[in-house]
There are 2 protein chains.
Amino acid sequence: MTKLKSVKTPELDTKSRILQAALEAFSQSGFYGTSINSVAEAVNIKKPSLLHHFSSKEKLYGAVLESISTRLLSELEAAMASSEDEKQQMLNVMDSFYRWNKECPNETVLLLREMLDNPQRAATAHNWYLAPWLERLVELIRRGQQNGRFHELEPMAFLYNIIGAQHYFVVSLPTLKQILSASDFKALLKQQRQELKSLIELRLFK
Amino acid sequence: MTKLKSVKTPELDTKSRILQAALEAFSQSGFYGTSINSVAEAVNIKKPSLLHHFSSKEKLYGAVLESISTRLLSELEAAMASSEDEKQQMLNVMDSFYRWNKECPNETVLLLREMLDNPQRAATAHNWYLAPWLERLVELIRRGQQNGRFHELEPMAFLYNIIGAQHYFVVSLPTLKQILSASDFKALLKQQRQELKSLIELRLFK
DNA sequence: TATTCACCCTACCAACCGGTAGGTAGGCAC
DNA sequence: GTGCCTACCTACCGGTTGGTAGGGTGAATA
């Protein structure tokens, strides 16, 4: 088991520090690969003290997932409220998704892991993390198509490819970083973003 | 731990049956979530007998990865040799990638898991499973661009988005299957494939 | 016939897992 | 003071893990 680097934000209370360390651990090693002991060590407490705050490993894992989910949802709401224009709204939402990926790669990875480990739970109806994003964006595209501003295409299939491309790119960044030189890596980051934007504009916008 | 259904192909020798069961187990539960005992049970032998064929869990895991890797490589060679025309070659390779995803979702999932679990090992230079695909396709696109048959774009960024979209779609199929009705699911399968093809033709082909 | 060897087994091990029992120290209310 | 709370601790539990030791068997080899 790799030792986790300790979380150094003493201004947070213990519970938040546990959540933070757990997010990092679960995203790096997965549910089974993470021991609550290692999480406890990362926040400099003993295992029973951690279990005082979260009564079981499952509960801790659930709390991490929930904190991600609520945060992601509020991000979406903000992005949707930003504009009235369909094209701009579309770009804003994708931008918001990109920013989340970039700022919280741990969360991105963990949600993908959850989908691999537990597809049935990940899919429990409205709990699935991508569901609200897809729903809102499908509506948005349909609206744009009725207004004659978007090309005719299957919104779901299109969105899944775009979001999937972005999602996959983010989770493979650690690998790419090891393969490419620093300058190539940085260039690819920019190019991928631009390329994705081109795909959206070329395929969706009239 | 979920019990694995036993592999019922008695014509294979034990070693191959172990590999097969291990692939399924690792892809479903990951390295830490899989016990070699459960793999042994799936092929109706005891744990020490499994360890007779693969001397450790790591070795078994490595053997599974290697068998996938060699298979994937031969798939690529076949696809590249299929045509001289750049456009057709491009479509053939993507088709080959698609077929692999479809026929061996376990392998697809496992390789993604490996990237999440162990980015540094996954990236060990020429071992990375996508490296040969990307290399060959980058060359192909460059050639097409010189011939004036492909649009000017950054091959790597374009390819990563396309392959990422396909890859991500495959690993989320189990989740999607639980969310959508059977007919919607089937329709989405078709639409996504068509949509991806449209993206390639629209963005790359002149 | 004697020996080797691949294959599979039972029995066992130390290490680690998630979780519990029970106790201590300090803060706050009365 | 007493009582009660939160936060943390040490010590321990049963169960599971990856891996080892060593024995049996049957087919090939000398």
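Chain A is the first sequence line, chain B the second, and so forth, proteins listed ahead of strands; every chain is numbered from 1. No experiment lies behind these values; they were computed from the predicted model shown.
Look at A:T14 and you'll find a side-chain N or O under 4.0 angstrom from OP1 or OP2 of D:dC8. Residue A:H52 places at least one side-chain N or O under 4.0 Å from the OP1 or OP2 atom of D:dA7.
Within the 4.0 angstrom heavy-atom criterion, base atoms lie near A:L51.
Remark: B:R193 is positioned above the aromatic ring of B:Y98, its terminal NZ or CZ atom under 6.0 angstrom from the ring centre and at most 45 degrees off the axis.
With C:dC8, D:dG18, D:dC8 as the choices, the nucleotide that has an atom nearest any side-chain atom of B:K57 turns out to be D:dG18.
The CG atom of A:L50 sits 10 Å away from the P atom of C:dG19 (whole-angstrom rounding). A straight line from CD of B:E58 to P of D:dG19 spans 8 Å, rounded to a whole angstrom. For B:H53 and C:dC5, the NE2 to P distance is 17 Å, given to the nearest whole Å.
Of all the heavy atoms in B:V43 and B:R17, the pair that sits closest is O-NH2, 3.0 Å. The minimum heavy-atom distance linking A:F31 with A:K57 is given by the pair O-NZ, 2.9 Å.
Between B:W133 and B:F97, the ring-plane angle classifies as perpendicular under the 30° and 60° cut-offs. Relative ring orientation between A:Y160 and B:Y168 is described as tilted, the plane-to-plane angle lying within the 30° to 60° band.
Between B:L112 and A:L112, some side-chain heavy-atom pair lies under the 4.5 Å cut-off. Side-chain atoms of B:R142 and B:P155, non-hydrogen and from C-beta on, do get closer than 4.5 Å to each other. A 4.5 Å side-chain heavy-atom check between A:L72 and A:L111 finds at least one atom pair inside the cut-off.
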Using a 4.0 Å heavy-atom cut-off, write out nucleotides 10-16 of chain C from 5' to 3' as B (base contacted by protein), S (sugar-phosphate only) or - (no contact).
BB-----
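Comparing the end axes of the helix from C:dT1-D:dA30 to C:dC30-D:dG1, each fitted to five base pairs by superposing C1' atoms of four pairs onto the next four, gives an inter-axis angle of 10° (nearest 10 degrees).
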